[in-house]
Amino acid sequence: MEGKKVMIIEDDDFLRSLVVTKLQKENFTVATNADGSNALESIRSEKPDIVLLDLMLPAISGFDILKDVRNDGEMKDTKVIIFSNLGDEEDIKKGDELGVTDYLVKSNFTLDELVEKIKTALS
Amino acid sequence: MRNEVAQCQKDNQAKSEFFSMVVHQLRTPLSGTKWIFKMLLDGDLGSFSEEQRQIITKGSESNQRMIDLLNEVIIANQNQSWDFSYDMEKIDIIQLVQRLVAEYSATAKAHNVRLVFKCPAELSAMIQADPGKIAIIMQNLLENAIKYSHNDSEVIIAIEQSQDMVTISIADQGIGIPDNAQKYIFTKFFRADNAKKLKKEGTGLGLFTARCIAQKHGGTLTFKSEAGKGTVFYVQLPIHTS
């Protein structure tokens, strides 16, 4: 998808590198944040079309990042897909309550399916 | 007594958090290998021989089985600890079943099994249910029916309605359940010998979970089976009355 920017907030180097490679192959522009620290500042400066957000991050919980985004005057309508291997009902419900665009459990999706989900969210 | 209850709740909470952490840690490497296998099979990392392709395919299937097993264990754990919350709503059960049958058609085709959906055109059945949980029942039954079917056979999914109940039947022409195993079939972790012989993997939790969910909805899960000929499972759920 030419010209669309995805910000990936993911601390696992291996998983992040695979997602970056895939998205770049699909002509997305990609920005990354490897531990969640200063995530809101990263999102403000990069202005992505969509954020792919892990939940278990070293510096902060993904849910706290999402809360900050939704409370931010400028970035509150940013599309966010939670992309995590946490998938309890409570986590999914919490994501819904925080206005997440989609909630994907990593191990249940191929990278092709992830790309389709991103394209659907952006269309 | 109050202190003991509070301590028990604290212990359960700690167990639940530990379980979530373990699941997360297991899923993380499985995600990576799932993606790598897909990239290999799609040719994104170069070409290889047919023999190598077969080995990589086996690896990919093995990895997916681990993911599926983990997902089953998670559901069973939720059921056991009564952590299942039910978000009940009015749903069109026919639409739901039809969608799931469509989703499983590729899996069935891969096993050389045909899925046949039968439902009278004029039938419209609304039930009060948690659609996600009903999907779990259907997924378990469809997966079993496909898994234990003979090559080039049919699985017939039919819906009927009586006055106050809707019945969904899933009938396969597969290995069936031996007489001496039938009374244990809904027992947690139980797998009949012929099932274990055909497919080594499986937790034995699917039918236990499916029946619990049916019962929580005020319904039942029953079956008829003959070894070597096939099995029919019947899910009965109450019709929604406003």
Side-chain angles (χ1 to χ4, degrees), chain A residues 6 8-28 30 34-36 52-58 61-63 81-97 102-118, chain B residues 13 15-45 60-79 81-88 103 106 130-133 135-136 139 213:
Chain A
V6 181
I8 302 167
I9 304 178
E10 166 64 64
D11 65 314
D12 188 290
D13 294 335
F14 177 52
L15 297 187
R16 190 177 65 249
S17 70
L18 291 177
V19 175
V20 166
T21 304
K22 180 65 179 178
L23 292 181
Q24 285 175 340
K25 260 190 153 177
E26 297 286 330
N27 296 320
F28 287 98
V30 180
D35 63 3
L52 212 54
L53 176 63
D54 190 15
L55 290 178
M56 299 273 290
L57 297 161
S61 152
F63 284 128
I81 293 179
I82 288 178
F83 194 46
S84 170
N85 273 322
L86 290 178
D88 286 350
E89 284 188 54
E90 293 131 32
D91 297 318
I92 296 170
K93 203 170 173 181
K94 204 169 170 183
D96 277 341
E97 284 163 4
D102 208 341
Y103 191 122
L104 307 178
V105 174
K106 284 175 200 160
S107 60
N108 291 345
F109 288 87
T110 64
L111 291 178
D112 287 327
E113 287 163 346
L114 170 65
V115 167
E116 285 311 306
K117 288 287 187 182
I118 292 172
Chain B
Q13 178 65 19
K15 272 188 219 168
S16 183
E17 283 167 6
F18 175 73
F19 186 81
S20 286
M21 179 61 62
V22 167
V23 161
H24 177 269
Q25 296 300 81
L26 287 172
R27 272 176 164 164
T28 298
L30 288 171
S31 311
T33 42
K34 178 183 176 113
W35 300 343
I36 287 279
F37 276 125
K38 185 75 171 44
M39 287 165 76
L40 279 165
L41 290 169
D42 287 348
D44 292 347
L45 301 175
S60 174
E61 287 169 359
S62 219
N63 194 69
Q64 188 58 45
R65 274 201 297 277
M66 278 300 301
I67 291 170
D68 293 342
L69 187 58
L70 197 49
N71 286 339
E72 261 190 78
V73 167
I74 291 160
I75 290 166
N77 181 66
Q78 285 173 334
N79 208 34
S81 61
W82 303 98
D83 274 349
F84 261 160
S85 62
Y86 285 74
D87 290 324
M88 304 294 264
E103 279 176 16
D130 180 326
K133 303 301 184 297
I136 289 171
Q139 282 158 353
I213 295 172

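Chain identifiers are assigned alphabetically (A, B, ...) following the order of the sequence lines, protein sequences preceding nucleic acid strands; residue numbering begins at 1 within each chain.
At least one side-chain heavy atom of B/S20 sits less than 4.5 Å from a side-chain heavy atom of A/D88. Contact annotation: the side chain of B/F37 never approaches that of A/T110 to less than 4.5 Å [non-hydrogen atoms, C-beta and beyond]. Contact of the A/K22 side chain with the B/M39 side chain is not registered, since no non-hydrogen atoms from C-beta on lie closer than 4.5 Å.
Atom OG of B/S31 is separated from atom CZ of A/F83 by 7.0 Å, given to the nearest 0.5 angstrom. Taking NE2 from B/H24 and OG from A/S84, the interatomic distance works out to 5.0 Å, rounded to the nearest 0.5 Å. Rounded to the nearest 0.5 Å, atoms CG (A/N108) and CG (B/N71) are 4.5 Å apart.
Using a 4.5 Å cut-off between heavy atoms, B/D42 touches chain A through its side chain atoms alone. Heavy-atom distances place no part of A/D91 under 4.5 Å from chain B, backbone and side chain included. The contact between A/L15 and chain B is made by backbone and side chain atoms together, counting heavy-atom distances below 4.5 Å.
A donor-acceptor pair under 3.5 Å is formed between the side chain of B/R27 and the backbone N or O of A/N85. Side-chain atoms of B/W35 come within 3.5 Å of backbone N or O of A/F109 as a donor-acceptor pair.
Interface check for chain A: of the options B/M21, B/K34, B/K38, the most heavy-atom pairs under 4.5 Å are formed by B/K34. Per-residue counts of heavy-atom pairs under 4.5 Å with chain A were compared for B/D68, B/T33, B/L30, B/T28; the largest is that of B/T28.
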Review point. Do B/D44 and A/K25 pass the side chain to side chain contact (heavy atoms under 4.5 Å, CB included) test, and can you show the C-alpha distance, the side-chain angles, and the key distance before you say yes or no?
Key: CA-CA 10 Å; B/D44 292 347; A/K25 260 190 153 177; 3.6 Å; yes
